[in-house]
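Only one structure is covered here, and it is reproduced in the block below.
Side chains are part of it too, since the values below use all heavy atoms of this structure and drop only hydrogens, waters and symmetry mates.
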Amino acid sequence: MKRRKFYAILLVFACTFMFSCTQDNEGDAPQVQLSDISGVWQQTAYLCSDGYFVSIYGLDAIHYEFARPDTTGTLKYTQYTLDELGNKVISKEGTWEYDPQTQNAHVVEPRGWNLDIHFIFGEKNNATLEIKGRTVNSNSTVKVKRLTK
């Protein structure tokens with residue numbers, strides 16, 4: 001009799017453990033890994049002075065590259081467009097750091113034209129970037145799509 005109780009309790013414990021492990025937790029998982037903004041983001045639209053977004057395609061699209069750490073642990077940032085041959089035309093370079101709590105990236109450029117970029121994540125690999133530079137002319141709001149991670 002004691003042996004039956006032992007096996008019954010063991011069976012209940014095993015079933016409880018099995019169902020708790022196979023439970024669907026997709027609703028609990030964040031849609032975007034907020035601590036990881038690394039990769040190449042391509043501009044798809046920009047906010048114009050009239051307050052609406054204008055789509056942008058092709059060679060005019062700006063790319064924002066947040067590279068993963070290199071061998072020295074440095075996080076490199078590159079902002080560029082592509083020429084007719086697909087070569088990068090770099091407009092800004094520097095290093096970056098990201099705070100997942102505030103969803104803000106801080107870019108330090110050697111020339112001092114540092115940027116603060118606030119990420120507003122959309123569905124899948126889309127986001128809106130609110131970019132604040134050191135001058136009014138370097139501020140912008142753009143919609144982007146992540147091309148690579």
Side-chain angles (χ1 to χ4, degrees), residues 10-149:
L10 185 62
L11 181 64
V12 169
F13 177 73
C15 287
T16 303
F17 180 74
M18 183 176 69
F19 287 119
S20 68
C21 289
T22 59
Q23 199 173 33
D24 182 17
N25 289 331
E26 277 187 30
D28 298 341
Q31 189 175 22
V32 176
Q33 181 66 31
L34 299 179
S35 62
D36 188 6
I37 61 167
S38 62
V40 177
W41 298 81
Q42 180 180 5
Q43 179 184 24
T44 58
Y46 66 91
L47 185 65
C48 73
S49 59
D50 291 336
Y52 60 89
F53 281 95
V54 176
S55 296
I56 190 162
Y57 303 99
L59 299 177
D60 292 328
I62 298 172
H63 294 75
Y64 305 88
E65 183 174 355
F66 295 87
R68 290 190 177 268
D70 60 14
T71 55
T72 64
T74 304
L75 298 167
K76 293 191 178 182
Y77 170 82
T78 309
Q79 183 176 319
Y80 61 90
T81 56
L82 298 174
D83 66 13
E84 296 83 18
L85 300 174
N87 298 317
K88 292 180 182 180
V89 179
I90 298 171
S91 57
K92 289 189 184 293
E93 288 185 290
T95 59
W96 65 276
E97 57 185 38
Y98 179 70
D99 181 355
Q101 299 291 342
T102 62
Q103 299 178 6
N104 288 326
H106 180 67
V107 176
V108 176
E109 196 200 33
R111 297 178 294 174
W113 297 101
N114 301 344
L115 300 172
D116 291 309
I117 303 173
H118 178 68
F119 278 76
I120 302 169
F121 293 98
E123 292 184 16
K124 299 186 182 182
N125 287 316
N126 294 308
T128 300
L129 306 183
E130 294 175 341
I131 303 170
K132 299 223 184 293
R134 297 301 168 246
T135 66
V136 174
N137 291 339
S138 59
N139 296 343
S140 62
T141 301
V142 297
K143 290 186 182 250
V144 293
K145 178 178 180 99
R146 186 183 344 222
L147 301 178
T148 64
K149 283 190 174 185

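Checked against a 6.0 Å centroid threshold, the rings of Tyr52 and Tyr46 do not count as neighbours. Aromatic ring centres of Phe119 and Trp41 lie closer together than 6.0 Å.
Asp36 and Arg68 are joined by a salt bridge, as a carboxylate oxygen and a charged side-chain nitrogen come within less than 4.0 angstrom of each other.
Between His106 and Trp96 the shortest side-chain heavy-atom distance does not fall below 4.5 Å. Looking only at side-chain heavy atoms (C-beta outward), Leu75 and Thr95 stay at 4.5 Å or farther from each other. Between Phe121 and Gln103 the shortest side-chain heavy-atom distance falls below 4.5 Å. Tyr80 places none of its side-chain heavy atoms less than 4.5 Å from the side chain of Asn87. In this structure, the side chains of Tyr64 and Val40 stay at 4.5 Å or more apart for every pair of heavy atoms. In this structure, the side chains of Leu147 and His63 come closer than 4.5 Å at one or more pairs of heavy atoms. Taking 4.5 Å as the limit, every side-chain heavy atom of Asn126 sits out of range of all side-chain heavy atoms of Lys143.
Partners of Ile120 according to the side-chain contact (heavy atoms from CB on, under 4.5 Å) rule, which considers only residues two or more places apart in sequence or in another chain, are His118, Thr128, Glu130. Taking the side-chain contact (heavy atoms from CB on, under 4.5 Å) definition, one finds that Tyr57 meets it with Ser55, sequence neighbours left out. Considering only residues two or more places apart in sequence or on other chains, Lys76 meets the side-chain contact (heavy atoms from CB on, under 4.5 Å) condition with Ala67, Asp70, Thr74.
The main-chain N or O of Ser38 is found under 3.5 Å from a side-chain atom of Arg146 such that the two form a donor-acceptor pair. With hydrogens and angles disregarded, no donor-acceptor distance shorter than 3.5 Å links the side chain of Thr81 to the backbone of Ile62. Using modelled atom types, one side-chain atom of Asn114 and one backbone atom of Glu109 make a donor-acceptor pair closer than 3.5 Å.
Evaluated for a side chain to side chain contact (heavy atoms under 4.5 Å, CB included) with Ile117, the options Ile37, Asn104, Ile131 yield exactly one hit, Ile131.
Asp99 CG to Glu97 CD: the interatomic distance, rounded to the nearest 0.5 Å, is 8.5 Å. With rounding to the nearest 0.5 Å, the separation of CD in Glu65 from OG1 in Thr148 is 7.0 Å. Between the CG atom in Asp83 and the CG atom in Leu59 there is a gap of 7.5 Å [rounded to 0.5 Å].
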* **Test side-chain contact (heavy atoms from CB on, under 4.5 Å) applied to Gln79 and Leu115, step by step** => CA-CA 11 Å; Gln79 183 176 319; Leu115 300 172; 3.9 Å; yes
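Nearest approach of Thr135 to Trp113, heavy atoms of both residues: CG2-CZ3, 3.6 Å. Of all non-hydrogen atoms in Pro110 and Gly94, the two that sit nearest each other are CD-CA, 4.2 Å. Of all heavy-atom pairs between Cys48 and Val54, the closest is CB-CG2, 4.0 Å. Closest of all the heavy-atom pairs between Ser91 and Arg111 is O-NH2, 3.4 Å.
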